[in-house]
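Step one of this worksheet: look at the structure below.
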Amino acid sequence: MPWRTGPAERAAGIRPDPYRVWLSEVMLQQTTVAAVRKYHERFTALWPTVADLAAAPDADVMAEWAGLGYYARARNLLKCARAIVADHGGRFPDTHDALIALPGIGPYTAAAVAAIAFDRPETVVDGNVERVMSRLFDVDTPLPAAKPELTAHAARLTSHARPGDHAQAVMDLGATICTPKSPACGICPLRDPCLARQNGTEAQRPVKAPKKAKPHRRGYAYVGRRDDGAWLVETRPEKGLLGGMLGFPGSEWSDAPAPLPPAPADWRAVGEAEHVFTHFRLTLTVMVADLPPSNPERGHFVPASEFRPGTLPTAMRKVHDVAAPHLLVERARAAG
DNA sequence: TACGCGTGGGC
DNA sequence: TGCCCAAGCGT
């Protein structure tokens with residue numbers, strides 16, 4: 001991964017850039033490496049240092065984060081960058097305790113940055129480490145209750161000689177060999193001491209608490225365009241679902257939502273957009289209309305030349321994709 | 001402690 | 001196809 005340093009660089013005493021390590025770790029929270037790579041490249045190209053990021057407009061950062069999910073991470077990313085400039089002279093603190101005091105940095109990220117960027121003997125415990133420890137010691141306590149026990153195991157094994165390499169190695173073992181399904185025990189360097197392997201329980205580790213069922217919610221989303229092609233959008237409130245992101249005005253999302261058009265117009269339904277969030281399933285009825293030039297009751301117009309569907313969170317991009325063909329038809333009909 | 005918070009890929 | 005999951009954090 002591009003934010004890592006190789007053996008030759010480390011042998012020469014070169015440590016990874018703490019800014020790049022921090023950025024990667026925040027992006028990797030509950031997110032796959034494959035999804036993160038391009039976002040990390042884009043962010044470091046646009047904002048090469050933490051000071052550059054701290055100076056960026058909120059809307060620019062949110063737009064670049066669009067599609068990566070868990071948008072509170074992007075809001076906290078900016079808060080953290082600005083705190084580092086304001087309170088730490090633009091340099092990342094190099095201790096776990098100072099790092100964990102910053103927005104968006106919790107136990108995992110504080111340990112990961114301290115270990116990987118500053119080679120401090122901190123114990124990282126992410127989902128990979130939990131899985132490796134639960135198998136190595138055949139822990140049958142269900143997660144998340146097992147977390148302290150697994151953390152204690154991981155801490156006892158943490159290398160004080162090469163903490164950064166150790167942290168990445170345990171996570172890489174979990175990501176590539178000690179995988180959730182069909183672990184490659186045959187090539188695992190820990191196959192002999194692994195208690196789950198000895199007991200034949202590796203497929204049942206880690207034990208997890210049962211999940212809650214996802215309710216199904218519905219709503220209306222309104223995609224309106226003005227005569228000049230401008231799109232009616234709104235910036236969502238800072239807190240809550242898709243907080244701070246651009247979206248289309250809509251109704252509440254509930255069992256039986258009431259229509260709530262953002263402006264008087266001849267709204268008509270053109271289809272549905274389906275999306276699954278972490279804790280509920282959503283079906284949005286997509287409404288479209290040509291809008292008069294008068295001010296809407298909610299939202300604001302973005303000129304067609306400045307509107308990029310890629311800056312929308314995925315649920316809203318799906319709404320756009322359902323609506324766009326119908327709007328284009330209307331534009332063409334009007335023009336023709 | 002438990003919940004709210006996204007998304008895309010794998011099977 | 002519907003579930004499971006991924007380098008968690010804030011409240």
Side-chain angles (χ1 to χ4, degrees), chain A residues 1 3-4 16 20-40 62 65-77 79-80 99-117 122-132 142-148 150-151 154 164 166-176 178-183 203 206 208-217 236-245 247 253 274-282 310 312-318:
Chain A
M1 291 170 266
W3 51 85
R4 290 191 173 182
R20 291 184 177 235
V21 172
W22 161 74
L23 182 61
S24 72
E25 294 300 343
V26 173
M27 287 180 166
L28 285 165
Q29 290 167 7
Q30 297 287 285
T31 308
T32 59
V33 170
V36 163
R37 187 171 281 110
K38 287 185 177 175
Y39 283 85
H40 193 271
M62 300 311 289
W65 198 277
L68 200 54
Y70 285 139
Y71 298 99
R73 292 185 295 172
R75 302 194 297 274
N76 285 328
L77 191 80
K79 286 183 193 169
C80 183
L99 286 163
I100 204 170
L102 291 163
I105 297 185
Y108 165 75
T109 306
V113 173
I116 297 171
E122 301 291 343
T123 302
V124 298
V125 184
D126 69 339
N128 289 305
V129 177
E130 290 176 354
R131 187 171 55 257
V132 170
L143 283 166
K147 182 83 177 267
L150 299 173
T151 299
H166 178 91
Q168 296 183 72
V170 182
M171 291 190 285
D172 286 352
L173 182 73
T176 61
C178 193
T179 49
K181 294 171 185 173
S182 305
K208 295 198 174 182
K211 297 182 180 5
K212 286 181 53 181
K214 287 183 184 179
H216 186 180
R217 298 183 191 166
R236 299 175 60 84
E238 281 292 307
K239 298 199 171 188
L241 195 73
L242 310 181
M245 298 299 292
W253 297 347
E274 290 277 349
H275 193 70
V276 180
F277 292 102
T278 309
H279 51 298
F280 66 96
R281 181 185 316 273
L282 178 65
L312 298 170
T314 299
M316 292 296 166
R317 187 180 49 71
K318 289 178 179 175

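First the proteins, then the strands, lettered A, B, ... as listed; each starts at 1. Every value quoted in this text rests on a predicted model; they were computed, and no experiment measured them.
- Between L68(A) and K212(A), it is K212(A) whose nearest contact on DNA chain B lies nearer the 5' terminus.
- Here K147(A) pairs with E130(A) in a salt bridge; the nearest charged N to carboxylate O distance falls below 4.0 Å.
- Atom NZ of K38(A) is surrounded by 12 or fewer heavy atoms from other residues, nucleotides or ligands within 6.0 Å.
- In this structure, NE2 of H216(A) is placed 16 Å from C1' of dC3(C), rounded to the nearest angstrom.
- Using a 4.0 Å cut-off, some side-chain N or O of T314(A) falls inside it from OP1 or OP2 of dT7(B).
- Spacing between dT11(C) and dG6(B) at atom P, rounded to whole Å, works out to 14 Å.
- The nucleotide whose nearest atom lies closest to any side-chain atom of Y71(A) is, among dT7(B), dC3(B), dG10(B), dT7(B).
- Aromatic rings from H279(A) and F277(A) are positioned such that their centres are separated by 6.0 Å or more.
- The listed nucleotides are dC4(C), dA6(C), dG6(B); the one nearest the side chain of H275(A) is dG6(B).
- Along DNA chain C, the nucleotide closest to T179(A) and the one closest to R281(A) are compared, and the more 5′ of them pairs with R281(A).
- Between the side chain of R73(A) and the main chain of G104(A), no donor-acceptor pair closer than 3.5 Å is present.
- Picking from dA6(C), dC5(B), dG8(B) the nucleotide with the shortest atom distance to the side chain of L241(A) gives dC5(B).
- If you check every strand for non-hydrogen atoms under 4.0 Å, T31(A) touches a base.
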Practice item. Give the intermediate values and the outcome of side-chain contact (heavy atoms from CB on, under 4.5 Å) for residues T278(A) and Y70(A). Key: CA-CA 10 Å; T278(A) 309; Y70(A) 285 139; 3.6 Å; yes

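- Heavy-atom nearest nucleotides on DNA chain C were determined for S24(A) and for I100(A), and the one closer to the 5' end corresponds to S24(A).
- Using modelled atom types, no side-chain atom of R317(A) and backbone atom of A66(A) make a donor-acceptor pair closer than 3.5 Å.
- If you check dG6(B), dG8(C), dA6(C) against the side chain of T32(A), the one that comes closest is dA6(C).
- Of the candidate nucleotides dC9(C), dG6(B), dT7(B), dC9(C) has the atom lying nearest to any side-chain atom of Q29(A).
- dC9(C) atom P lies 10 Å from atom CD of E25(A), rounded to whole Å.
- Between E238(A) atom CD and dT11(C) atom P the separation is 13 Å, expressed in whole Å.
- As a whole-Å value, the separation of Y70(A) OH from dG10(C) P is 14 Å.
- Computed from coordinates, the L282(A) CG to dG6(B) C1' distance equals 12 Å when rounded to whole Å.
- Heavy atoms of R75(A) sit nowhere under 4.0 angstrom from any nucleic acid atom.
- One interatomic measurement links the two molecules: CG of L312(A) to P of dG6(B), which rounds to 14 Å at whole-angstrom precision.
- Atom CD of Q30(A) is separated from atom C1' of dC3(B) by 14 Å (rounded to the nearest Å).
- Between the side chain of R236(A) and the backbone N or O of G247(A), no donor-acceptor pair lies under 3.5 Å.
- Listed by residue number, the members of residues 105-113 of chain A with any heavy atom below 4.0 angstrom from DNA chain B form an empty set.
- Nearest nucleotide to the H279(A) side chain, out of dG4(B), dC9(C), dG6(B): dG4(B).
- Counting non-hydrogen atoms under 4.0 angstrom, G174(A) reaches nothing in the nucleic acid.
- For the C1' atoms, the distance linking dC5(B) with dA6(C) amounts to 15 Å, nearest Å.
- E25(A) meets the salt bridge (Lys or Arg N to Asp or Glu O under 4.0 Å) test with no other residue; sequence neighbours excluded.
- In terms of phosphate contacts, K239(A) brings no side-chain nitrogen or oxygen within less than 4.0 Å of OP1 or OP2 of dT11(C).
- At least one donor-acceptor pair under 3.5 Å links the side chain of R131(A) to the backbone N or O of G174(A).
- The nearest heavy atom of DNA chain B to A145(A) and to A315(A) marks one nucleotide each, and the one closer to the 5' end goes with A145(A).
- Using a 4.0 Å heavy-atom cutoff across all strands shown, N76(A) reaches sugar-phosphate atoms only and no base atom.
- Atom CE in M171(A) sits about 14 Å away from atom P in dA6(C), given to the nearest Å.
- Within the 4.0 angstrom heavy-atom criterion, no nucleotide atom of any strand lies near V124(A).
- Taking every side-chain heavy atom of T278(A) into account, dG6(B) is the closest of dA6(C), dG8(C), dG6(B).
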